Amino acid sequence: MCGIIGYIGTKEASPILLSGLKRMEYRGYDSYGFCFLNDGKASLFKRVGKIDNTEKEFLGKDFVGQIGIGHSRWATTGLVTQENAHPHCDCKKEIFVVHNGIVENYKELKAKLIKEGHIFESETDTEVIAHLIEKYYVNNLEGAVGKALRDIRGTYGLAVISTKDPEKIVAARMSSPLIIGVGVDEFLVASDPSAIITRTRQIINLDDGEIAILKKDGFCILKEEKEAQKNIETIDWDIEQAEKGGYEHFMLKEIMEEPSVIEDAMRGRLLEDEGLVKLGGLESVQDQLRKIDNITLIGCGTAHYAAKIGEYMLEEYANIPTLTDIGSEFRYRKPIVNKSTAAIFVSQSGETADTLAALREMKAKGVLTLGVTNVVGSSQSRETDAGVYTRSGPEIAVASTKAFLGQLTILSLITIYLGRQRDMSIVTGKRIISELMKIPELAREILKQKNEIKKIAEKYKNCRDFWFIGRKYNYPIALEGALKLKEVSYVHAEGLAGGELKHGPLALIDENCPTIAICPTDSVYEKMISNIEEIKARKGKIIAIATVGNEEIEKIADDVIYIPKTLEMLTPILSVIPLHLFAYYFADSLDRDIDKPKNLAKSVTVE
Ligand code: F6R
C-alpha cells in the first residue's frame with residue numbers, strides 16, 4: 001500500500017530516491033519522507049502532501065549521502081501528519097525504518113516498549129519496529145532486525161538504515177512485495193519495480209522470511225540465518241506497465257489483489273478461539289453499540305451494494321432490524337430514527353458528497369454514526385463517531401473492485417462483532433471466522449480461472465444487453481455485476497432479484513440477451529433454478545456462477561463459472577470475483593478505456 005525505495009552506491013542518493021518515489025506517486029499517496037546517511041550522520045526529511053518542490057528544499061541543505069531510504073505513505077494506522085510519515089526512528093534517532101504492511105500486534109508491543117522506557121513520536125504501527133531494533137541491537141543491524149521481526153505479527157516489506165552500522169541497508173519481507181535492484185556499483189530496494197526501473201532492470205524478488213543486506217560492493221540474502229541463493233531476473237516491462245505491476249490495466253491489477261485485500265481487512269482482527277472480532281475503531285462506542293436496536297446502512301453505487309449485503313448479514317446473524325439506502329435518496333427522505341439507531345456509512349473514498357450529506361443529516365438527528373472507509377483521514381472518517389478502515393490500499397481504476405471486497409469483509413466482521421454482543425453463540429462466531437479465514441485462498445482459486453472467464457467474456461462480445469440475476473445475498477451481487485459491466489464496457493446491463501423476472505423483465509428475454517445467473521448451492525438455489533428455467537423457456541442464454549461440484553447446472557446453463565463452497569453469508573465475497581473479471585475482459589475485448597471510463601470520476605464529490 002505504501003511505496004518504499006532504498007539506494008546504496010557511488011552516486012548521491014537524493015535525486016535517485018526522489019525520482020523513484022515520484023514514479024510511484026500515481027497511486028495517490030498522502031505524505032512522504034527520506035533519510036540519508038553521510039559520514040555516519042543521518043538527515044531526516046518528511047512532508048505531508050505530494051512530492052512537488054522537494055528538490056528545492058534539498059538544495060544547499062544537509063540532505064546528502066550515497067545511502068538513503070524513502071517512503072510514500074498511504075495512511076492505514078494513524079492520520080496523515082508529518083509525525084506519522086516515514087522513516088520512523090528509535091529514541092536516539094540512530095535507526096531509521098520505512099515499512100509497507102501492517103504490524104498486527106503493535107499495540108501490545110508499543111505498550112511493552114513504553115514500559116521499558118522507549119519514547120514514541122507517532123501513532124503508527126511502524127515505529128515499534130524501529131524501537132524493537134534499538135532494543136535488540138548488539139553488533140550489527142541485520143542481527144537486530146532479525147530479532148525484532150520475531151516479535152512482530154503481521155506483514156512487512158521494510159528497509160532499515162542506521163548510523164551505528166552505516167555502510168548498509170537491511171531489507172526484509174513478509175507478505176508485502178519487495179524487490180532488490182542490482183545495478184552497476186549500486187543496489188536498490190523497492191516495493192514496486194516502477195521506482196527503480198530507470199536505474200536497473202536486473203531484479204531479485206525477495207521471498208517471505210528473507211532478509212537482504214545491501215552494501216556498496218555487494219549484497220547477500222539470508223533465510224533463517226543462512227545465505228539463500230537467488231536468481232536475478234530481468235524486467236522486460238516498460239514504465240507504464242511497471243506501474244500496473246505488469247498488468248495491462250489497473251482494474252485487472254486491483255482484481256488480482258482481491259484475495260490480499262480480504263486478508264488485510266481481517267488481519268489482527270479475528271479472535272478465533274473466542275469466536276470474536278476485535279475492531280479497535282469501535283472500542284470507543286462499544287457500550288453504545290450494545291444498546292442499538294436498528295441500523296441504517298448508507299452508500300452509493302458499489303458501496304451501496306456492499307451495504308445491502310451487510311443488511312442481509314446483520315439481520316440474519318446479529319438479529320438487528322436493518323435498512324439500506326442510497327446516499328442521494330436518503331438525504332431527501334424523512335428518516336425515522338431514534339436514540340437506538342446506528343447509521344453505518346460505507347465508502348471507499350470517504351468523500352462521496354451524497355454519502356456525506358446523509359451522514360450530516362444523521363448526525364444532526366443525534367444518531368450514532370459509524371464509517372466503513374478505505375481512506376484514512378477522509379471527511380467520512382473524520383466526521384463519523386467511530387469506524388473501521390478497510391485497508392484495501394489505493395484504488396486507481398475508476399471502477400471500484402478490490403475496495404468492494406474490503407467492504408464486504410469488514411461488514412461481515414461488524415456482523416460478528418454486533419452479533420456476539422447479542423445472542424450469537426460462540427459456536428456460530430467461530431464457524432463464521434473459520435470460514436472467513438479460508439476465503440482468501442478460495443478467492444485465489446477463482447482468479448486462477450481468469451483465462452477461462454476471459455474466453456467466456458469474448459464469446460459474448462457482440463451482445464449489447466445483459467441481465468444479471470441473483471437472490472438473497474447474491475441479489476446485490478447481480479446489481480454489482482451489471483454496474484461493473486456497463487461502466488467499463490458501455491454496454492447495457494441490468495441487475496435484478498431473480499424473483500422479479502416474471503413481474504416484467506421477462507418480456508425482454510430472447511436469444512440475443514444473455515443472463516448471468518449467480519446461483520451458488522445455497523438456501524435459494526432451487527428458486528434460482530426456477531428463474532433460470534423461465535429464461536431458458538424464452539431461448540435466453542445462461543452464464544451460471546455455480547458452486548464447485550454442481551454438475552447438474554451444466555445441463556441447463558450455456559456456460560458455467562465455478563466458485564468454491566463457503567458459508568452462505570460469505571458467498572458474495574467469492575461470487576463477485578468472476579463478475580469483476582467478466583466485466584474487465586468483456587470491456588477489453590471491445591477495446592474500452594477501462595481504467596478511465598468516459599463520463600465517470602473516481603470520487604464523486606458533487607451532488
Ligand atoms: C462503481 C463505483 C462507484 C462508487 C461510488 C461510491 O464501480 O466505483 O459506484 O462505488 O461512487 O464511491 P465511494 O465508495 O468512494 O463512496
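When a ligand or atom number is given, it counts from 1 through the structure's own listing order. Just so you know, these numbers come straight off a predicted model, no measurement behind them. What you see below is based on every heavy atom in this structure, not just the backbone, and it leaves out hydrogens, waters and symmetry mates.
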Hey, could you give me the CG/CD1 distance between N474 and I309, rounded to the nearest 0.5 Å?
-> 7.0 Å
Spacing of I573 atom CD1 and I439 atom CD1 [to the nearest 0.5 Å] = 5.0 Å
D354, T352, T302, V346: member with heavy atom nearest to atom 12 (O) of ligand 1 = T352
Might you work through the side chain to side chain donor-acceptor pair (under 3.5 Å) test for S379 and E351, ending with a clear yes or no?
-> CA-CA 6 Å; S379 304; E351 301 296 349; 2.5 Å; yes
Which atoms of ligand 1 sit under 4.0 Å from any heavy atom of S349?
-> 13 (P), 15 (O), 16 (O)
What is the nearest protein non-hydrogen atom to atom 5 (C) of ligand 1, stated with its residue, atom name and distance?
-> C300 O, 3.5 Å
Write down the atom of A478, the atom of G470, and the distance for their closest heavy-atom approach.
-> CB-N, 3.7 Å
Using distance alone, with no hydrogens and no angle criterion, decide if K22 and S72 have a side-chain donor and acceptor under 3.5 Å apart.
-> no
Is ligand 1 under 4.0 Å from a heavy atom in the side chain of E351, in the backbone, in both, or in neither?
-> neither
Side-chain donor-acceptor pair under 3.5 Å between T369 and D385, yes or no?
-> yes
Quick one: does ligand 1 sit under 4.0 Å from the side chain of V398, the backbone, both or neither, non-hydrogen atoms only?
-> backbone
Any idea which part of H304 is under 4.0 Å from ligand 1, heavy-atom wise: side chain, backbone, both or neither?
-> neither
Counting from 1 in the order shown, the ligand 1 atoms closer than 4.0 Å to a non-hydrogen atom of Q348 are 13 (P), 14 (O), 15 (O), 16 (O)
From Y305 atom OH to L479 atom CG, the distance as rounded to the nearest 0.5 Å | 5.0 Å
Among protein heavy atoms, which sits nearest to atom 11 (O) of ligand 1, and what does the distance come to when rounded to 0.1 Å?
-> V604 CG2, 4.0 Å
Rounded to the nearest 0.5 Å, how far does CD1 of I563 lie from OG1 of T571?
-> 6.0 Å
Element-labelled atoms of ligand 1 that are located less than 4.0 Å from some non-hydrogen atom of K484 | 1 (C), 7 (O)
Roughly how far apart are R382 CZ and L356 CG, rounded to 0.5 Å?
-> 9.5 Å
Can you sort out which atoms of ligand 1 are near G301, meaning under 4.0 Å from one of its heavy atoms?
-> 9 (O)
Less than 3.5 Å between some nitrogen or oxygen of T355 and one of ligand 1, yes or no?
-> no
Going by the order shown, which atoms of ligand 1 are within less than 4.0 Å of some heavy atom of E487?
-> 1 (C), 7 (O)
Counting each atom of ligand 1 from 1 as listed, which ones have a heavy atom of A303 under 4.0 Å away?
-> 10 (O), 14 (O)
